[in-house]
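Just so you know, ligand 1 is whichever comes first in the structure, and atom 1 is the first atom listed for that ligand.
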Amino acid sequence: MGVLEHVAGPLGSLTATTPTPVLAVAGFFSLVVLAVVLNVLSQVLLKKRNEPPMVFHWFPWIGSTVTYGMDPYKFFFANKKKHGDVFTFVLLGRKMTVCLDTKGNNFILNGKVKDLNAEEIYNPLTGPVFGRDVVYDCPNAKLMEQKKFVKFGLTSEALRSYVELITHEVQDFVKRHKAFKGQKGTFNVPNVMAELTIYTASRSLQGEEVRNMFDSRFAALFHDLDLGFSPLNFQLSWFPLPHNRKRDNAHNAMVQIYSEIVRKRRAGEVKRGNSQDMVWHLMECTYKDGTPVPDHEIAGIMIALLMAGQHSSASTISWVILRLATKPEIVEELLAEQKRVLGEDLPPFTNEDLTKLSLHAQVVKETLRLHSPIHSIMRKVKQPLVVEGTNYIIPTSHTLMSSPGVSARMDEHFPNPSVWDPHRWDALNFEDDDEKVDYGFGIISKGGKSPYLPFGAGRHRCVGEQFAYVQLQTILAEFIREFKIRNPGGSTDIVDTDYTSLFTKPLSPAVVEWERRGAEL
Ligand code: HEM
């Protein structure tokens with residue numbers, strides 16, 4: 001028997017005796033073609049005049065998922081050019097209506113609670129990670145109270161103590177970490193900075209017990225819990241996949257750890273001393289109706305703070321280091337600022353000192369303009385909504401999507417927007433004339449006209465901004481005291497962004513060269 005007969009033999013017998021598989025494949029392809037044709041026809045023929053334009057797509061359900069997912073900003077700008085600031089696209093079967101620029105940001109972020117809803121979108125994903133009765137697993141009014149607890153826990157006394165604790169963590173880290181052995185070397189920025197960020201956050205905000213557990217048990221639990229933030233979980237968070245099982249086990253273990261910390265503290269087995277961590281503060285908080293925060297909610301809020309803070313801060317400080325490595329002259333300017341403000345001998349600094357290090361703050365601010373860790377913010381439409389200045393009415397079957405990162409990259413607001421230039425903020429401020437509002441967690445700027453909203457706006461605005469700035473500025477100030485940094489070969493290139501996880505971050509590996517001060521690069 002020849003080779004061809006060998007191959008044809010089995011196929012021949014298959015078609016002769018079982019025609020079904022071939023027919024099934026042909027049938028499947030016909031169905032796909034039919035679905036594509038109907039989908040295209042419906043986009044061309046059934047345009048609704050009072051709904052925003054739909055981004056053209058061939059396949060139903062998949063829609064624009066791939067182009068959006070590969071580079072959301074490229075996708076937003078391309079469609080803004082084609083359709084204007086308001087358009088709809090299909091993301092995994094959902095109709096997402098995007099509203100861009102300052103008006104779009106304001107429309108979505110400052111929307112009323114009766115019109116827009118965050119918890120229906122986010123809770124399937126965050127619920128199993130954070131736990132019961134916290135954040136999106138409770139009515140919005142309760143979330144506002146929980147945010148108030150956190151915001152009011154970040155007192156100036158607490159922040160002062162955090163600066164000291166974070167400073168010690170950084171000093172210890174740069175002495176001991178394997179990436180910083182010797183006088184000079186290279187390090188993979190995203191990995192090393194993620195490690196440093198979590199040590200600093202856990203020692204300050206989370207408290208001594210959590211920090212002490214980090215090197216052993218806690219890091220593994222954090223890793224497993226984090227698996228729950230896989231984008232796949234927007235659809236399948238309930239499905240017993242291995243990563244979801246690990247997530248659930250990690251969540252239960254973490255709740256037990258926090259509950260045990262609270263129990264020991266309440267029993268007086270651990271004394272407070274000068275400790276200002278958030279667990280102590282939450283143990284003293286009560287809801288408006290007089291109910292103290294139950295232990296499982298303390299655990300849930302602490303987990304939420306850990307997860308929300310870790311990804312955003314680790315990504316931001318990594319971008320700070322990577323951007324500085326492209327402009328080593330700014331590193332020297334930062335050091336000069338510290339010497340000018342604090343003294344030539346670079347003494348330890350306080351939270352009040354940080355507010356005087358304006359270039360340090362501007363480095364963080366400019367980095368967040370171009371590298372905001374959250375590129376898309378979503379809300380479910382609860383009743384048909386008119387978009388001001390248009391004839392569009394957004395139906396309740398749509399989800400709204402805001403991307404403040406778009407206005408932050410528009411040349412109408414920021415000349416040469418793609419250039420990373422901390423000095424652009426020397427004389428730039430969007431907050432001064434802004435309307436103020438209180439959604440229940442303290443007075444905030446409404447941000448209605450600002451093109452720069454990396455911490456969001458409205459009732460879901462970030463309550464971690466102050467902590468993030470303290471953490472990021474302290475790490476930055478300590479880091480540049482210790483090291484000179486630059487890109488290998490003095491290159492000015494910057495790595496691409498990794499959009500595959502929920503929070504964006506630099507694509508790893510992203511390596512820079514370091515040298516301890518006192519030696520030459
Ligand atoms: C550079 C750092 C950070 C950035 C850029 C950032 C950004 C944001 C943004 C854009 C939102 C609004 C989300 C929405 O409207 O759906 C938000 C909310 C929030 N963030 Fe942050 N964040 C940062 C750090 C932190 C830290 C360190 C914490 C905790 C200590 C934190 C806790 C929260 C909380 C509790 C919310 C409220 C969620 C809600 O009300 O729906 N964030 N953050």
Which residues share a side chain to side chain donor-acceptor pair (under 3.5 Å) with Thr67, sequence neighbours left out: none

At less than 4.0 angstrom from any non-hydrogen atom of [X], what atoms of ligand 1 do you find?
{"X": "Leu205", "value": "30 (C)"}
{"X": "Pro373", "value": "5 (C)"}
{"X": "Tyr122", "value": "16 (O)"}

Distance under 6.0 Å and angle within 45° of ring axis: Arg211 vs Tyr199: yes

Tyr68 and Ser376 side chains, donor-acceptor separation under 3.5 Å: yes

Short side-chain donor-acceptor distance under 3.5 Å, Thr102 and Ser407: no

Ser372 heavy atom under 4.0 Å from ligand 1: no

4.0 Å heavy-atom contact, Ala118 with ligand 1: no

Under-4.0 Å heavy-atom contact with ligand 1, by part of Leu143 that carries it: side chain

Region of Ala201 engaging ligand 1 - heavy atom pairs below 4.0 Å: neither

Side-chain donor/acceptor of Asp137 to backbone N/O of Asp133, under 3.5 Å: yes

Under-2.8 Å protein N/O/S neighbours of atom 21 (Fe) of ligand 1, ordered by chain then residue number: Cys462 SG

I'd like the name of whichever of [options] reaches closest to [atom] through any heavy atom.
{"atom": "atom 29 (C) of ligand 1", "options": "Ile377, Thr316, Leu305", "answer": "Leu305"}
{"atom": "atom 41 (O) of ligand 1", "options": "Trp319, Tyr136, Tyr439", "answer": "Tyr136"}
{"atom": "atom 14 (C) of ligand 1", "options": "Arg379, Gln310, Lys147, Gln206", "answer": "Arg379"}

